[in-house]
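A short write-up of the structure that comes next.
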Amino acid sequence: MVSGPARTARADVLLAAAGERGVLCDFYGEEAAGIYRDIMHEDPWEAREYAARIRPSPGPVLELAAGTGRLTFPLLELGREMTVLELSPAMLAVLRERLTAAPASARDRCTVVRGDMSAFSVGKRFGTVVVSPGSINLLGGAGRAGLYASVRDHLEPGGKFLVGVPEKNAGKPETLERSQEIPGASGRRYVLHTRLIPAEETREVTVCPADETADPFPVCTSRIRLVDADRVVRELGQAGFDVTERVPLVFAGGRHQDVLLVAVLSGSDRP
Ligand code: SAM
């Protein structure tokens with residue numbers, strides 16, 4: 001569930017230094033929506049891998065945790081009916097604004113729904129259900145079980161569940177804390193700080209402007225569960241899915257740390 005901003009250890013340090021300029025915000029909340037869009041670039045490679053697996057499956061597409069539509073807009077180019085579900089009102093507001101500005105031929109094929117990917121019912125079945133990388137990691141074990149059950153109830157026979165997950169459990173590397181400067185599409189620069197807490201199987205994420213004098217000084221936070229591809233493959237098996245493909249997601253920079261899992265309901269006819 002999206003709740004208030006996580007109070008990460010790094011956020012405490014940054015907010016103490018920024019004094020009255022500091023604003024703690026949820027990375028998926030209203031105050032951070034501009035920063036989120038600035039940082040989260042659309043990646044043609046990633047969208048291409050999803051599109052290649054949607055194309056052979058007929059029927060409408062359901063995208064869960066769609067955010068501001070980073071994956072939605074490239075997938076709308078496939079010409080399918082799409083339903084997109086997202087929990088955060090701030091993310092939905094940006095997504096709706098982008099749809100309003102999009103050509104009617106795309107906008108009219110896209111239905112936007114506010115909902116929780118771990119327990120949803122949209123009254124319709126789909127040829128493909130899609131979740132981008134970075135989203136399943138926001139759910140705990142019970143939430144993921146709810147996600148698999150809800151997806152099962154929304155897939156056409158032979159339909160596909162495409163879910164992006166980190167390849168490896170990020171709990172294993174030696175570096176527990178790391179900061180890196182990242183550029184936004186606007187040219188503004190940000191500092192992304194991550195801190196692993198292996199005992200809690202979580203990673204704290206804190207993003208702030210690289211310009212320490214910024215006023216206001218937003219400190220955006222999120223907590224991510226350390227769930228890797230092997231665990232999701234196991235869980236999908238227990239939830240009645242067969243994973244038929246495991247595709248490395250190669251990003252524009254050439255690195256890959258996520259994989260796209262392609263799953264079908266066990267015993268269903270595969271197209
Ligand atoms: N798919 C988008 C993309 O690729 O940019 C967004 C991915 S972002 C890592 C995760 C998204 O999941 C956020 O927009 C967040 O608001 C949303 N979210 C978090 N918990 C959710 C839930 N339980 N149900 C639906 N959406 C959720």
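The analysis underlying the following values was restricted to heavy atoms, covering all of them including side chains, and did not include hydrogens, waters or symmetry mates. Remember, it's 1-based here, ligands and their atoms both numbered in the order they're listed.
Where the criterion is an N or O separation shorter than 3.5 Å, residue side chain and backbone included, R70 meets it with respect to ligand 1. Checked against a 3.5 angstrom limit, the closest N/O atoms of M117 and ligand 1 fall inside it.
Residues T8 and T206 have side chains that bring a donor and an acceptor to within less than 3.5 angstrom of each other.
At least one heavy atom of G115 sits less than 4.0 Å from an atom of ligand 1.
The existence of a salt bridge linking R7 and D12 is confirmed by a sub-4.0 Å separation between a basic side-chain nitrogen and an acidic carboxylate oxygen. The pair R144-E235 meets the salt-bridge criterion, since a charged nitrogen lies less than 4.0 angstrom from a carboxylate oxygen.
For ligand 1, the atoms closer than 4.0 angstrom to any heavy atom of Y36 are 2 (C), 3 (C), 5 (O), 6 (C), 7 (C), 8 (S). Against a heavy-atom cut-off of under 4.0 Å, S132 is close to the following atoms of ligand 1: 1 (N), 2 (C), 3 (C), 4 (O), 7 (C). Atoms of ligand 1 lying under 4.0 Å from at least one heavy atom of S88, given by number and element, are 16 (O). Residue D116 has at least one heavy-atom neighbour below 4.0 Å for each of these atoms of ligand 1: 22 (C), 23 (N), 24 (N). Heavy-atom proximity to L87, at under 4.0 Å, picks out these atoms of ligand 1: 21 (C), 22 (C), 23 (N), 24 (N), 25 (C), 26 (N), 27 (C).
Considering C208, C220, S186 in turn, C220 is the only one that fulfils the side-chain contact (heavy atoms from CB on, under 4.5 Å) rule with I35.
The main-chain N or O of T100 is found under 3.5 Å from a side-chain atom of R107 such that the two form a donor-acceptor pair.
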